[in-house]
Protein chains: 2
Amino acid sequence: MVTLAEVAQHAGVSASTVSYVLSGKRSISAATRQRVERSIRELGYHPNAGARALAGKRSNIVALMVPLRTDMYVPVMMEIAIAVATTARAHGYDVLLLTGEEGPDAVRRVTGSGLADAMILMDVQLEDERLPLLLGTGQPSVLIGLPADTAGLTCVDLDWSATGALCVEHLAGLGHRDIAVIGEAPAVYERHTGFAERTLDGVRSRARETGVRVLHRPCEGGYDALALTLARIFDERPGTTGFVVQNESAVEPLLALLRQQGRAVPEDVSVVAICPDQVAVQASVRLTSVAIPAPEMGRQAVERLVAKLDGRGGDEVVLLTPELTVRASSGPAPAAP
Amino acid sequence: MVTLAEVAQHAGVSASTVSYVLSGKRSISAATRQRVERSIRELGYHPNAGARALAGKRSNIVALMVPLRTDMYVPVMMEIAIAVATTARAHGYDVLLLTGEEGPDAVRRVTGSGLADAMILMDVQLEDERLPLLLGTGQPSVLIGLPADTAGLTCVDLDWSATGALCVEHLAGLGHRDIAVIGEAPAVYERHTGFAERTLDGVRSRARETGVRVLHRPCEGGYDALALTLARIFDERPGTTGFVVQNESAVEPLLALLRQQGRAVPEDVSVVAICPDQVAVQASVRLTSVAIPAPEMGRQAVERLVAKLDGRGGDEVVLLTPELTVRASSGPAPAAP
DNA sequence: TTGAAAGCGCTAACAA
DNA sequence: TTGTTAGCGCTTTCAA
């Protein structure tokens with residue numbers, strides 16, 4: 001293993017000079033710099049991470065806490081994680097992967113040990129048990145997702161309320177008066193996951209404004225569960241002509257069942273999905289959808305975090321504006337029978 | 001920040017005693033141990049990771065390199081990653097998340113800096129450019145996936161060849177004589193991804209043994225791509241009655257199109273999927289399938305890696321035995337017309 | 001523009 | 001069973 005001292009000797013300079021060449025924290029003559037850089041290359045030197053962290057008091061690592069559960073749309077999580085890792089690297093940080101399993105303890109451990117300089121939390125609940133701790137330690141952090149109380153926190157999220165509203169607006173604008181929302185699994189609502197509840201809020205308030213009726217049903221996803229849910233919906237509201245789907249694993253079953261029941265999309269019923277674009281275009285009917293901008297969420301989270309670590313920028317809530325793309329699954333409401 | 005020295009002072013012992021209480025590397029009297037543990041608790045002490053890594057020469061971190069691409073089944077990747085993180089924690093290791101983006105450089109960086117003690121590589125290609133480096137550095141590592149040459153390497157993977165054989169065997173046993181394999185996207189084969197090619201090998205050799213005919217077609221996934229692929233298959237082999245699908249995003253389109261064409265599953269055609277169980281049971285027809293044991297793969301990889309780091313166990317290739325679960329999508333071949 | 005030297009917090013000989 | 005101490009490789013004053 002090559003050390004900084006060896007590089008210094010090889011280049012005929014002092015250790016501190018090598019250190020400063022590396023960090024750029026003081027000016028070095030061109031000649032010296034080149035000699036040092038050459039030695040570094042020739043010896044294949046890599047600074048020791050542990051020594052750096054110890055002396056420099058920063059590990060250049062950010063921790064990313066991902067949920068353990070997989071009852072929500074997993075590819076979105078993965079996309080966020082990959083975007084976080086990629087963006088972090090671009091800023092010179094590595095990413096430590098923590099699962100929700102350890103819960104709040106992980107926050108303590110990582111903070112206390114100086115393993116990471118900062119944390120990004122995914123899948124934040126409205127009342128999240130990790131938050132008091134995070135506020136207590138004063139650890140720089142960014143949440144992906146919005147808790148109920150954002151005081152003193154930096155959060156990045158899609159504006160789910162606006163997303164819900166946008167879906168309703170689109171359908172209402174097409175003349176639909178009876179809309180059903182097929183949501184995430186019941187458990188998601190039970191643990192008060194912000195995005196799910198906020199979407200619903202947005203849906204409902206815009207529904208009120210536009211005078212359309214809304215029926216919300218959580219759904220486990222898969223064919224059997226959806227068949228039941230759909231039956232209940234048409235039973236209760238036979239005049240339903242618009243659907244908002246916020247559950248990846250319900251999208252395809254919904255389209256299949258509607259087809260099976262002889263309800264044409266978009267002639268008889270319209271469907272708007274909240275999902276990544278890739279899902280929307282790969283479905284059996286190209287779906288009108290509001291995209292979940294997963295990579296942008298990951299990127300933004302890291303940018304904010306780096307800003308905090310650099311002493312720039314403080315707490316803030318970043319809400320990404322939803323965008324609806326009209327595709328083949330939505331059209332004018334059929335004339336009333 | 002609380003240091004070991006402070007704990008030592010608080011407990012009235014020397015620093016080394018505290019260190020040994022923590023590491024268990026020498027016997028400590030019960031009385032002393034309790035005093036130290038009490039001080040640790042009271043002061044809220046957490047060992048500094050950097051100092052530990054520097055003095056102890058191990059970071060207690062393993063690096064996990066995940067592919068950047070997402071043209072393969074993402075939830076499987078995520079499940080593996082989560083299993084790796086969880087299992088690693090159980091052994092006292094943290095996980096550093098590296099994306100494929102940096103390529104081989106990441107191997108150099110992590111190795112050289114002592115950031116991680118070992119690496120796990122996912123999505124290994126048959127000829128993977130990271131491997132020579134890995135062998136060169138002598139960094140302990142485990143691959144998830146099998147390269148062409150496994151000399152000197154430890155690998156964990158599903159036995160894809162046996163998986164392919166198992167699928168054919170099942171269909172052949174039911175009397176199917178003409179089988180089509182709907183595979184991953186062409187790009188996956190073009191870059192010589194081991195699992196895809198090996199599955200095909202297994203399929204073909206068992207087909208030869210059982211005397212069935214096989215037609216393989218890569219497929220991008222999604223409805224449009226699959227419709228084309230399916231048309232070509234029936235065009236070329238009108239008598240096809242058995243399908244093996246190894247592409248998550250082709251499963252549902254296949255079922256839908258078959259239905260649409262009036263081909264009943266499993267009465268007219270049988271379908272065997274290679275996918276996680278969850279996908280198999282959530283499909284519109286409960287699928288006979290060979291499960292991809294993602295969590296087991298992640299777990300095994302970590303177990304092997306830890307064994308290596310502990311000086312136990314050397315190179316080996318761990319092939320997990322595939323298991324086929326019969327569900328509703330496969331049945332006896334229809335009588336020849 | 002450069003060098004010397006004092007730590008950073010911990011581990012692991014070596015001693016007792 | 002416990003204590004003393006010399007580093008681990010780097011950053012960063014302080015001095016020149």
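- Formation of a donor-acceptor pair under 3.5 Å by the B:Thr137 side chain with backbone atoms of B:Gln139 is found in this model.
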How does each nucleotide of nucleotides 9-16 of chain D score, in 5' to 3' order, for protein heavy atoms under 4.0 Å: base (B), sugar-phosphate only (S), or none (-)?
BBBBBB--

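- Counting only distance, with no hydrogens or angles, the side chain of A:Ser59 and the backbone of A:Leu115 share a donor-acceptor pair below 3.5 Å.
- A salt bridge does not link A:Glu37 to A:Arg41: none of the charged side-chain nitrogens sits closer than 4.0 Å to a carboxylate oxygen.
- Nucleotides of DNA chain C that come within less than 4.0 Å of any heavy atom of chain A span, from the 5' end to the 3' end, C:dT1 to C:dG9.
- With respect to A:Lys308 and A:Asp315, a salt bridge is recorded, a charged nitrogen being found less than 4.0 Å from a carboxylate O.
- With respect to A:Asp159 and A:Arg198, no salt bridge is recorded, no charged nitrogen being found less than 4.0 Å from a carboxylate O.
- In terms of the ring pair (Phe, Tyr, Trp, His ring centres under 6.0 Å) criterion, A:Tyr93 has no residue partners (sequence neighbours excluded).
- For the residue pair A:Gln300/A:Arg304, the side-chain donor-acceptor check at 3.5 Å is satisfied.
- Not counting sequence neighbours, the partners of A:Ser14 by the side-chain hydrogen bond (donor to acceptor under 3.5 Å, both in side chains) test are A:Ser16, A:Thr17.
- Each end of the helix from C:dT1-D:dA16 to C:dA16-D:dT1 gets its own axis, taken as the rotation carrying the C1' atoms of four end pairs onto the next four within a five-pair window, and the two axes meet at 30° to the nearest 10 degrees.
- When the side-chain hydrogen bond (donor to acceptor under 3.5 Å, both in side chains) test is applied to A:Arg33, no partner is found at least two apart in sequence or on another chain.
- Neither side chain, A:Glu303 nor A:Thr87, offers a donor N or O lying under 3.5 Å from an acceptor on the other.
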